Amino acid sequence: NLFDISRQPSKSVRILYLVRTSARFYEKRLTHLLETWIALVKSDTFFVTDTLLPNIAQDHMILTKETCGLDAHTMGSLCCKTAHDFQLYRRHISTYDWFCHFDDDQYVNVDNLQNYLSTLDFNTPYYIGRNSWPSTLKRTKHPYPTPFWFATLGAGVCLSKRTIQLLNPHVQNVSQYVDGCIRENYHDDIYLGFLLHAYLNIPLTKNEHFHSHIEKTFYSNQQLFLHTFRDDITFGFRADKRYPYFLPQIDKSILDPLRIRALHCLLYTHLNECQRKLQQ
Ligand code: UDP
Ligand code: MN
């Protein structure tokens, strides 16, 4: 049996899961997540989306079209969307200990995330994720002419309750964050790293178990992947073989183009729907 029964979700810390998405990605991306990892943490999952998504409770969605305009993969637009993360976090600060952003092309091992975050103190300022670049971002301009690390939002980024409290004066409304991105000419995730480093002195805590599809080689070594995937916390997918393409299509009736369902069932072989499929 591939599944280690002893590793049940501990629920010792309360995690808010935020998923950034777009109504046009509902079929292609979100449905796969909703039927796998999100199903395990549904009541703690919230969506930042341009327009309404089907089958999701109204109070679990933040709609961005009014404030951000039409969705586009541009600096201003994505900064505006990310700015809504903090409005959502603020609203739920009393209910949760950790606040994590994920993109809609990610798989999250919620057990591993729980286990990891429960080893840390959420009353300490934390900024956790995977560094996007192999070295610091060089910064020479004022103010704060010092280099800093930033985490790629596409690998997932977790902030402790204390960090959200400290961030508050800098993210009081959406335009404050967008103005900051534009002023510094930084993308949404770079600006977050800058804000935390420069204004709050909170450094990045790197975690190599967070993955995005930026890592071209992560999925190409089958032996290595199969040896280590149970310890990973997040995975990022992209159609150009940046997914574990060597995993079998386990359910012939439901398409699993990026093997998200296959990965889920390898991690949770005890789930009824997985038992059925794995036996087929
Ligand atoms: N996204 C969005 N609006 C867009 C394009 C992308 O909200 O117009 C979101 C998308 O749902 C995802 C994230 O931004 O959560 C990153 O987009 P994508 O994965 O398409 O691009 P990447 O930057 O990872 O190559
Ligand atoms: Mn992506």
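What you are looking at is a predicted structure, and each value in this text was computed from that prediction instead of being measured. Keep in mind that the numbers below use all heavy atoms, side chains included, and drop hydrogens, waters and symmetry copies. Atoms within a ligand are numbered from 1 in the order they appear, just like the ligands themselves.
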Enquirer: Heavy-atom contacts with Thr21 under 4.0 Å: which atoms of ligand 1 show up? List them by number with element.
Expert: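 Listed by number with element: 7 (O), 11 (O).
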
Enquirer: Under 4.0 Å, counting heavy atoms only: does His213 come that close to any atom of ligand 1?
Expert: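 It does, in that a heavy atom of His213 comes within the 4.0 Å cut-off of ligand 1.
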
Enquirer: Can you name the atoms of ligand 1, numbered from 1 with element, that are less than 4.0 Å from a heavy atom of Arg238?
Expert: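 Result: 25 (O).
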
Enquirer: Give the ring-plane orientation class for Phe122 versus Trp98, where under 30° counts as parallel, over 60° as perpendicular and anything between as tilted.
Expert: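 Plane angle over 60°, so perpendicular.
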
Enquirer: Which of the numbered atoms in ligand 1 are below 4.0 angstrom from a heavy atom of Lys81?
Expert: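 Going through ligand 1 atom by atom, the ones under 4.0 Å from Lys81 are 2 (C), 3 (N), 7 (O).
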
Enquirer: For Asp240, does the CG atom sit with more than 12 other heavy atoms under 6.0 Å from it, leaving out its own atoms?
Expert: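 Result for CG/Asp240: enclosed.
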
Enquirer: Out of the N/O/S atoms in His213, what is the name of the one closest to the Mn ion (ligand 2)?
Expert: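 Result for His213 and the Mn ion (ligand 2): NE2.
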
Enquirer: Name the orientation class of the two ring planes belonging to Phe46 and Tyr96 (parallel below 30°, tilted from 30 to 60°, perpendicular beyond 60°).
Expert: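 Ring orientation of Phe46 relative to Tyr96: perpendicular.
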
Enquirer: Do me a favour and list the nearest non-hydrogen protein atom to atom 20 (O) of ligand 1 with residue, atom name and distance?
Expert: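 Checking every protein heavy atom, the shortest distance to atom 20 (O) of ligand 1 gives Arg29 NH2, 3.0 Å.
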
Enquirer: Parallel, tilted or perpendicular: which describes the rings of Phe150 and Trp133, with under 30° parallel and over 60° perpendicular?
Expert: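 The arrangement is perpendicular - the two ring planes meet at more than 60°.
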
Enquirer: Considering only heavy atoms from C-beta outward, does the side chain of Ile15 approach that of Cys100 to under 4.5 Å?
Expert: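 Side-chain contact under 4.5 Å: yes.
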
Enquirer: Determine, for Glu215 against Arg238, whether the closest basic-nitrogen to carboxylate-oxygen distance falls under 4.0 angstrom.
Expert: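 Not counted as a salt bridge, because no side-chain N and carboxylate O are separated by less than 4.0 Å.
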
Enquirer: Between Asp105 and ligand 1, find which residue part has any heavy-atom pair under 4.0 Å and reply side chain, backbone, both or neither.
Expert: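 Side chain only; the backbone of Asp105 stays clear of ligand 1.
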
Enquirer: To the nearest 0.1 Å, how far is atom 10 (C) of ligand 1 from its closest protein heavy atom, and which atom is that?
Expert: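 Minimum-distance protein heavy atom for atom 10 (C) of ligand 1 reads Asp104 OD1, 3.6 Å.
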
Enquirer: Which residue in the set Thr119, Leu117, Asp121 passes side chain to side chain contact (heavy atoms under 4.5 Å, CB included) when paired with Val13?
Expert: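 So the option named by the test is Leu117.
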
Enquirer: With heavy atoms of Phe25 as the reference, note each atom of ligand 1 found under 4.0 Å away.
Expert: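 Checking each atom against Phe25, I get 6 (C), 10 (C), 11 (O).
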
Enquirer: Backbone, side chain, both or neither: what part of His187 comes under 4.0 angstrom of ligand 1, heavy atoms only?
Expert: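 Answer for His187: neither.
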
Enquirer: Should Glu35 and Arg261 count as an ion pair when the cut-off is N to O under 4.0 Å?
Expert: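 Salt bridge: yes.
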
Enquirer: Quick one: sort the His270 and Tyr268 rings into parallel, tilted or perpendicular, breaks at 30° and 60°.
Expert: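 Because their plane-to-plane angle lies in the 30° to 60° range, the rings of His270 and Tyr268 count as tilted.
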
Enquirer: In this structure, which one of Asp105, Asp188, Asp50, Asp104 forms a salt bridge (charged side-chain N to carboxylate O under 4.0 Å, His left out) with Arg20?
Expert: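 Between Arg20 and the candidates, salt bridge (charged side-chain N to carboxylate O under 4.0 Å, His left out) is satisfied uniquely by Asp188.
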
Enquirer: Any idea which N/O/S atom from Asp105 gets closest to the Mn ion (ligand 2)?
Expert: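 The Asp105 atom nearest to the Mn ion (ligand 2), restricting to N, O or S, is OD2.
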
Enquirer: What protein heavy atom sits nearest atom 1 (N) of ligand 1, and how far away is it?
Expert: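 That would be Leu78 CD2, 3.9 Å.
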
Enquirer: Tell me which protein heavy atom sits closest to atom 13 (C) of ligand 1, plus the residue, atom name and distance to 0.1 Å.
Expert: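 So the nearest neighbour among protein heavy atoms is Asp103 OD2, 3.4 Å.
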
Enquirer: In the protein, which heavy atom is nearest to atom 15 (O) of ligand 1, and how far is it?
Expert: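 Answer for atom 15 (O) of ligand 1: Arg20 O, 2.8 Å.
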
Enquirer: Which heavy atom of the protein is the closest neighbour of atom 23 (O) of ligand 1, given with residue, atom name and distance?
Expert: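 The answer is His73 NE2, 2.9 Å.
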
Enquirer: To the nearest 0.1 Å, how far is atom 3 (N) of ligand 1 from its closest protein heavy atom, and which atom is that?
Expert: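 Heavy-atom neighbour on the protein nearest atom 3 (N) of ligand 1: Asp71 OD2, 3.2 Å.
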
Enquirer: For atom 5 (C) of ligand 1, which protein heavy atom lies nearest, and how many Å away is it?
Expert: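 That would be Arg24 NH2, 3.5 Å.
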
Enquirer: Look at Arg14 together with Asp97 and state whether they make a salt bridge at an N to O cut-off of under 4.0 Å.
Expert: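 Looking at Arg14 and Asp97, the cut-off is met.
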
